[in-house]
Visitor: 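Can you read through this structure? Questions will come right after.
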Number of protein chains: 2
Amino acid sequence: MSLPHALLTALLEKPSSGSELTRRFDRSIGYFWSATHQQIYRELGKLEQAGLIRALPSPVPTRGQRKEYEVLPEGRAELRAWVDRREDPRVSRDPLPLRLRAAGVVGVGDLLPELVRHRDLHRARLEEYREFERRDYPGGPRTEQERVQLLVLRGGIDMETGWVSWLTRAVEELSGTAGAPEAGGSADGDVS
Amino acid sequence: MSLPHALLTALLEKPSSGSELTRRFDRSIGYFWSATHQQIYRELGKLEQAGLIRALPSPVPTRGQRKEYEVLPEGRAELRAWVDRREDPRVSRDPLPLRLRAAGVVGVGDLLPELVRHRDLHRARLEEYREFERRDYPGGPRTEQERVQLLVLRGGIDMETGWVSWLTRAVEELSGTAGAPEAGGSADGDVS
DNA sequence: ACCCATTTTGCAACTTGTTGCATAATGAGG
DNA sequence: CCTCATTATGCAACAAGTTGCAAAATGGGT
């Protein structure tokens, strides 16, 4: 239930069309939420129908035509309410550690290069975020809104740092062992 | 497409029934993958029908009766193939940073106590993981499989560390500012 | 023997996210 | 003016995850 609120936030920051939003979801909003353009268009339709946003008056209302949306007071109120809502943290759900654990049972095989690849991807993203920080907030945040945006960016930085640190260690550890396949048995119980 | 593989992994580590698996998904597997019991039962059905696992012979095949599953060679092969598959990292998708960013637009309101609550939850989980590490691997991992499981646990630790570090900073920053609501305008553009 | 709380398994409906493709406008180059 | 690549919007089918509920077994008490 977060995509509509992500859209409301993005639209309050700046009224946009669907494709603009898609691009923005690949950038700033993207470090903590992703969405495909189809999700975005569908959701924009729902939000409009629910009376939370509206399309800015446009000459032609047909297909293939840019359509800009802005948030209505009802949308702002809904977002306000959402911010104050209590919601428990999500359980993480990432396949990579899972694959590593599977490798513990069926043998490491070719997983090591994949770990290296992921480490490098996360490293690159981390660098990118740090670059944003330097470039966009050179003297620190200047408004309250920037302050919060910078905080969120730092969230991305902390998460990526966690990944890099983990993957670096994992690659080190597994490089020591040549990937000998595990013996077949499905033996003893669950650890922890 | 990871749940079936999570199940295969868990079943290879130890053949189990649906409810046992549900419990195990709340514990060890749970630090990087979660699933409800309905997801698990449904998926077990599919895996059985696909010939990747089979129910151990049981007296009565009716409802409400425990049913243990074990992995067939085909299931092991599928898991093996999955481990070697390339797959790009997921984009994160967590509502909390999103809510913070929304707060930058509609005002911070009551978000601070929520951040504190999350910080404490993550702190608690981090402590729990560290406890697992101490308790289950006192002298380091003893087998190759334990080595991998410990690595995965450390993944959980690194992620939780990232959360705690971020939330600690966020709470500090926002405590300075009394939560004054932002002015209404939907003004300037997207940062970064 | 019966009742009742608990455990285990499961169905059904719904929401959210993904993939593949289609259609309309736009604008540059011939 | 026409073509063609690009951009913007959108439909439809599917896959994955969530929620609410319920039936069958189990294992006490009484």
Side-chain angles (χ1 to χ4, degrees), chain A residues 1-8 10-11 15-26 29-30 32-50 53-56 58-69 82 87-95 98, chain B residues 1-8 10-11 15-26 29-30 32-50 53-56 58-69 82 87-95 98:
Chain A
M1 272 297 293
S2 299
L3 178 57
H5 303 102
L7 287 172
L8 289 172
L11 287 177
S16 311
S17 68
S19 57
E20 258 182 281
L21 286 169
T22 305
R23 281 190 294 274
R24 292 172 65 199
F25 269 71
D26 286 339
I29 314 265
F32 44 86
W33 203 269
S34 71
T36 61
H37 69 108
Q38 291 87 343
Q39 272 184 284
I40 289 172
Y41 283 119
R42 201 200 311 177
E43 201 62 42
L44 284 174
K46 282 190 202 168
L47 287 171
E48 186 176 23
Q49 196 151 17
I53 64 176
R54 68 162 185 180
L56 292 182
S58 147
V60 252
T62 51
R63 195 180 185 142
Q65 185 85 317
R66 269 178 59 90
K67 213 195 293 180
E68 286 237 316
Y69 289 97
W82 180 68
E87 203 175 334
D88 282 341
R90 302 254 168 126
V91 267
S92 84
R93 200 174 262 159
D94 196 285
L98 204 59
Chain B
M1 273 296 295
S2 298
L3 178 57
H5 303 102
L7 287 171
L8 289 171
L11 287 177
S16 311
S17 67
S19 55
E20 257 181 282
L21 285 169
T22 305
R23 282 189 293 274
R24 290 173 65 199
F25 269 70
D26 286 339
I29 314 265
F32 44 86
W33 204 269
S34 70
T36 62
H37 69 108
Q38 290 87 343
Q39 271 184 285
I40 289 173
Y41 283 119
R42 201 197 315 175
E43 201 61 42
L44 284 173
K46 282 189 201 168
L47 286 171
E48 186 176 24
Q49 195 152 18
I53 64 175
R54 67 161 186 181
L56 292 182
S58 147
V60 251
T62 51
R63 195 182 183 139
Q65 187 83 318
R66 268 177 60 90
K67 214 196 292 181
E68 286 237 315
Y69 289 96
W82 181 68
E87 203 175 333
D88 282 340
R90 303 256 169 123
V91 267
S92 84
R93 199 172 263 160
D94 196 285
L98 204 59

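For the numbers below, each heavy atom of this structure counts, side chains included, while hydrogens, waters and symmetry mates do not.
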Visitor: When the distance from NZ of A/K46 to P of D/dT9 is rounded to whole Å, what number comes out?
Guide: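 That distance rounds to 18 Å.
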Visitor: Could you go through residues 35-46 of chain B and list every donor-acceptor pair under 3.5 Å that involves a side-chain atom there, pairing it with any protein atom two or more places apart or in another chain?
Guide:
from  : atom 1 : to    : atom 2 : distance (Å)
B/T36 : OG1    : B/Q39 : N      : 3.4
B/Q39 : OE1    : B/T36 : N      : 3.2
B/Y41 : OH     : B/S19 : N      : 3.3

Visitor: Is there a side-chain contact (heavy atoms from CB on, under 4.5 Å) between B/R93 and A/R93? Walk through the geometry before answering.
Guide: CA-CA 10 Å; B/R93 199 172 263 160; A/R93 200 174 262 159; over 6 Å; no
Visitor: In whole angstroms, how far is the C1' atom of D/dG17 from the CG atom of A/L3?
Guide: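 To the nearest whole Å, that distance equals 16 Å.
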Visitor: So, does A/Y41 get its side chain near the phosphate of D/dT9, meaning an N or O under 4.0 Å from OP1 or OP2?
Guide: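 Affirmative; the distance criterion is met.
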Visitor: In this structure, how many angstroms lie between the P atom of C/dT16 and the CZ atom of A/R90, rounded?
Guide: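 The answer, rounded to whole Å, is 10 Å.
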Visitor: With a 4.0 Å cutoff (strictly under), does any side-chain N or O of A/R93 reach OP1 or OP2 of D/dT18?
Guide: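 Looking at the OP1 and OP2 atoms of D/dT18, one of them is under 4.0 Å from a side-chain N or O of A/R93.
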Visitor: How long is the line joining CD of B/E20 and P of C/dT9, in whole Å?
Guide: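 Atom-to-atom, B/E20 to C/dT9, this comes out as 9 Å.
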Visitor: Is the shortest side-chain N/O distance from A/K67 to OP1 or OP2 of D/dG10 below 4.0 Å?
Guide: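 A/K67 to D/dG10 OP1/OP2: side-chain N or O found under 4.0 Å.
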Visitor: With the criterion being N/O to N/O and under 3.5 Å, what pairs connect the protein with nucleotides 12-14 of chain C, and how long is each?
Guide:
none

Visitor: Could you state the atom-to-atom distance from CG of B/L7 to P of C/dT9 in whole Å?
Guide: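 After rounding, the reported distance stands at 13 Å.
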Visitor: Measure the distance from CD on B/E68 to C1' on C/dT7 and round it to the nearest whole Å.
Guide: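 That distance rounds to 15 Å.
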Visitor: List for me each residue that meets ring pair (Phe, Tyr, Trp, His ring centres under 6.0 Å) alongside B/W82, sequence neighbours excluded, and say none if there are none.
Guide: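 Expected list: B/H5.
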Visitor: Check the distance between D/dG20's C1' and B/Q39's CD and give it to me in whole angstrom.
Guide: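 Rounded to whole Å, this separation is 15 Å.
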Visitor: Compare side-chain N and O positions of B/S19 against OP1 and OP2 of C/dT9 and report whether any pair is under 4.0 Å apart.
Guide: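 True: B/S19 side-chain N/O within range (under 4.0 Å) of C/dT9 OP1/OP2.
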Visitor: Quantified as the angle between the terminal helix axes (five pairs each), what is the overall bend of the helix from C/dA1-D/dT30 to C/dG30-D/dC1 to 10 degrees?
Guide: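 That helix has its two terminal axes inclined by roughly 0°.
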Visitor: Checking A/S16 now: which residues fulfil side chain to side chain donor-acceptor pair (under 3.5 Å) with it, not counting sequence neighbours?
Guide: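 A/R24.
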Visitor: Base, sugar-phosphate alone, or nothing: which one does A/S17 contact when heavy atoms must sit under 4.0 Å apart?
Guide: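 Sugar-phosphate, backbone atoms only, no base.
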Visitor: Got a second to check how far B/S17's OG is from B/K67's NZ, nearest 0.5 Å?
Guide: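 Nearest 0.5 Å value for the OG-NZ distance: 11.0 Å.
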Visitor: Residues two or more places apart in sequence or in another chain: which of them pass side-chain contact (heavy atoms from CB on, under 4.5 Å) with B/D94?
Guide: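 Testing B/D94 for side-chain contact (heavy atoms from CB on, under 4.5 Å), a comparison that skips the adjacent residues, returns A/R90, B/L96, B/P97, B/W163.
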Visitor: Scan B/R23 against the nucleic acid and name what it touches under 4.0 Å (heavy atoms): base, sugar-phosphate only, or nothing.
Guide: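 It contacts sugar-phosphate atoms only.
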Visitor: About how many Å separate CD of A/E68 and CD1 of A/I53, when rounded to the nearest 0.5 Å?
Guide: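 The CD1 atom of A/I53 sits 11.5 Å away from the CD atom of A/E68.
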Visitor: I want to confirm an ordering. Mapping A/H37 and A/S2 to their closest nucleotides on DNA chain C, which one lands closer to the 5' end?
Guide: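 Final value for this comparison: A/S2.
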Visitor: Kindly compute the distance separating OG (B/S34) from CG (B/D26), expressed to the nearest 0.5 Å.
Guide: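 B/S34 OG to B/D26 CG: 8.5 Å, rounded to 0.5 Å.
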Visitor: Nearest 0.5 Å, what's the CZ-CG distance between B/F25 and B/L7?
Guide: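 Rounded to the nearest 0.5 Å, the CZ-CG separation comes to 4.5 Å.
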Visitor: Whole Å only: how far is the CD atom of B/E48 from the C1' atom of C/dT9?
Guide: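 Computing the B/E48:CD to C/dT9:C1' distance gives 13 Å.
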Visitor: Once you round to the nearest 0.5 Å, how far does CG of B/L11 lie from CG of B/L47?
Guide: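 B/L11 CG to B/L47 CG: 8.0 Å, rounded to 0.5 Å.
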